[in-house]
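Notes for the one structure printed next.
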Amino acid sequence: MPPFFLRFLAAHSLLIGLLPFFLPVWLWQRGMDISGLCVLIGVSGLAFCVSLSAWQHVSTHHSLNYLVVLTFALEILLLITVLLTSSSALPAAGLMLPLLIGIGNGIYNAFFWTTQRTLFVQSMGNNDTGRRYGNFQIVVGAFLKIGILAGGWLLDLGGLMWLLLISVLVASAAAFWLARQPPQPLQQESGTRWSCSLKFQDKQGSHTVFRIDGFFLYLESHFWTVSLFLLVREDFSRLGIVVVVLAIVFALLFWLLKNSIDQWAGNRIFTLAVSLYAFSWVLRAFLENSMTPFWLFVNLVIITFCSSFFRLTFNKRFFENARDYGAVRYLLNKSYVSQWWLGIGFLATGLILSQIKLDSNSALAYSYWLAAVGSFAYLFYRKTYLPANSPSP
C-alpha cells in the first residue's frame, strides 16, 4: 500500500484508540443507558449521511492533502465536543448529550471512513484484495491497540483532560506532517445523491446488505464494547488489556488467512464465514461474569476468530464489487444506505427502549439474538458485478 495511505491510517487508528473507542463505555459510566446509546448511534448515522455531500464537494474541488487535514480537524472538533459536554451539567440520561456527540461523531466518521475506503480501493490490484485487506487490518490493529492501552490507562486515572490534550496534539502533528507529504492522487469519479443511493439496486444483492451492515458494525463497535466493559467490571484499563490480547489473536488470524483467502472458492467460504459470524452472536448472548476466566477467554477467542474471518471474506467481496462497479460511487451508495437505515432504526429503537422497562443486560442479549438471526441476510450478497438499471446521479 502507498506510504501516504499507511501514515494516514496509522495516525487515525492511534487517535481512535485513544478516545473514540472508549466513547460508548465512557458515556455508559456517566449514566447513559442502552436507549441513549441507540439515540447517539442514530444521530451519528444521519449526520454521516448529511456530511457525505460535503465530502464529495471537498474531494472533487480540493487536493487530497486538504481532505486529509480536514479529517484531523473534524476529529479535533469531536474531541472539543466531548470536552464541552464532559465539563457541563448535561445529564447523560437526557437527549442533549447523545445529540451533540452524535452529530460530531457522524461528521468525523463521514470524512474519515469515506476517505480511508476510497484510498484503499485505489491501492487494490488484481485478485489480491484479501491479502491487501489483511495487511490493512494489521496496521490498523497495531496502532489502534497502542491507543487503546494508553486511553484506558488515562481514563482509569481520571485523566480525561490529559487524554483530550494528547489527542489534540497528536491530531495536529499528524495533520501538519501529512500536509507536507506527497500524496497518492485521489481518483476523480462521478458521485451520487442521497435520493439516488436509496434507490440503488444491482444483481449482487448489495442494497439488502447495505441496509443491514451499519447495524452490525455498530453492534460490534458500541454494544459489544459495552458488554466487554461489563465483563471486566467497568474497568477501563482491564478493557484495554482484554481488547489488546484479542487484537493479537486477531492479527495472527489475519496474518495466517490474508495470503490464502484470495485463492479459496468464494461462495463456499463466504457461506461458512456468515454461519460462523451468526454463531459468534449466539456466543455473545451467553457470555456472563459468572464464567471462569479460562472459559470466558476461550469464548472471546472464538468470537474474535468468527468475526475476523467473516469481516475478511465480506470486505474482500465488498471491495471487489466496488472496484468493478466504480469505486467511489459504490462506496457512497453503501454509506448513504447503511447510515440512513441505521440512523432511522437506532433512533426508533432508542425511543422504544426509553418507554419500556428492560434492563441493559437483557437488552444487549436480545440484540445479539436478533443479530444471530439477521446475520444470514449477508448470504444475499454475491460477488460478480452485473449491471442493472440503477439510477443516474
Side-chain angles (χ1 to χ4, degrees), residues 15-44 75 78-106 108-109 144-145 147-168 218-247 284 287-290 296 300 346 349-350 353-354 357-368:
L15 286 165
I16 289 171
L18 284 172
L19 186 62
F21 170 82
F22 288 103
L23 267 181
V25 291
W26 177 73
L27 291 168
W28 184 274
Q29 197 173 66
R30 284 198 65 188
M32 184 178 289
D33 57 10
I34 289 292
S35 63
L37 197 57
C38 287
V39 171
L40 185 148
I41 294 171
V43 171
S44 180
E75 181 152 17
L78 172 61
L79 296 172
I80 292 172
T81 304
V82 173
L83 173 63
L84 293 176
T85 54
S86 67
S87 59
S88 71
L90 289 175
L95 285 177
M96 284 304 297
L97 195 60
L99 180 64
L100 293 173
I101 294 180
I103 291 172
N105 192 52
Y108 163 67
N109 282 341
L144 180 67
K145 273 41 182 188
I148 287 173
L149 281 176
W153 180 70
L154 282 169
L155 283 172
D156 260 342
L157 294 177
L160 178 64
M161 291 293 294
W162 281 105
L163 182 55
L164 290 168
L165 178 61
I166 291 170
S167 297
V168 169
Y218 272 95
L219 284 176
E220 289 183 43
S221 64
H222 284 56
F223 279 37
W224 178 232
T225 302
V226 168
S227 289
L228 288 175
F229 191 56
L230 295 176
L231 287 171
V232 298
R233 295 175 173 81
E234 302 192 20
D235 185 294
F236 291 108
S237 294
R238 287 181 189 169
L239 175 63
I241 292 170
V242 167
V243 170
V244 168
V245 170
L246 293 175
R284 285 175 169 95
L287 284 185
E288 294 179 352
N289 278 325
S290 58
L296 183 59
L300 290 176
F346 272 109
T349 303
L353 289 176
S354 67
K357 300 295 183 181
L358 187 64
D359 66 272
S360 298
N361 286 325
S362 298
L364 289 168
Y366 290 145
S367 299
Y368 298 155

Indicate yes or no for a side-chain donor-acceptor contact from Asn105 to the backbone of Ile101 under 3.5 Å, with no hydrogens or angles considered.
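Judged by distance alone, no pair lies under 3.5 Å.
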Backbone N/O of Leu40 and side chain of Ser44: donor-acceptor pair under 3.5 Å
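Judged by distance alone, no pair lies under 3.5 Å.
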Step by step, would you call Thr349 with Ile41 a side-chain contact (heavy atoms from CB on, under 4.5 Å)?
CA-CA 10 Å; Thr349 303; Ile41 294 171; over 6 Å; no
Minimum heavy-atom separation for [X] and [Y], please, with both atom names.
X: Ser237; Y: Asp235; result: N-OD1, 3.0 Å
X: Tyr368; Y: Ser227; result: OH-OG, 2.6 Å
X: Ser35; Y: Ser354; result: CB-N, 3.8 Å
X: Cys38; Y: Leu353; result: SG-CD1, 4.2 Å
X: Gly36; Y: Pro98; result: O-CB, 3.6 Å
X: Val39; Y: Gly350; result: CG2-CA, 4.3 Å

Using the side-chain contact (heavy atoms from CB on, under 4.5 Å) rule, take Leu97 and Arg30 through it: C-alpha gap first, then chi angles, then the decisive distance, then the call.
CA-CA 11 Å; Leu97 195 60; Arg30 284 198 65 188; 4.0 Å; yes
Quick one: does [X]'s side chain get under 4.5 Å of [Y]'s, heavy atoms only?
X: Thr225; Y: His222; answer: no
X: Val232; Y: Ile241; answer: no
X: Ile16; Y: Tyr108; answer: yes
X: Leu19; Y: Trp26; answer: no
X: Trp28; Y: Ile34; answer: yes
X: Leu160; Y: Phe22; answer: no
X: Leu18; Y: Leu163; answer: yes
X: Leu239; Y: Glu234; answer: no

Checking side-chain contact (heavy atoms from CB on, under 4.5 Å) for the pair Met161/Leu83: CA distance, chi angles, key distance, verdict?
CA-CA 8 Å; Met161 291 293 294; Leu83 173 63; 3.1 Å; yes
Using 30° and 60° as the class limits, which term best fits the ring planes of Phe236 and Phe229: parallel, tilted or perpendicular?
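Rings of Phe236 and Phe229: tilted, as their planes differ by 30° to 60°.
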Hey, could you give me the [atom1]/[atom2] distance between [X] and [Y], rounded to the nearest 0.5 Å?
X: Leu300; Y: Arg284; atom1: CG; atom2: CZ; value: 9.5 Å
X: Leu228; Y: Leu287; atom1: CG; atom2: CG; value: 8.5 Å
X: Leu364; Y: Leu219; atom1: CG; atom2: CG; value: 9.5 Å
X: Leu144; Y: Leu15; atom1: CG; atom2: CG; value: 10.5 Å
X: Leu84; Y: Leu79; atom1: CG; atom2: CG; value: 11.0 Å

Could you please spell out the steps behind the side-chain contact (heavy atoms from CB on, under 4.5 Å) verdict for Tyr366 and Leu358?
CA-CA 10 Å; Tyr366 290 145; Leu358 187 64; 3.8 Å; yes
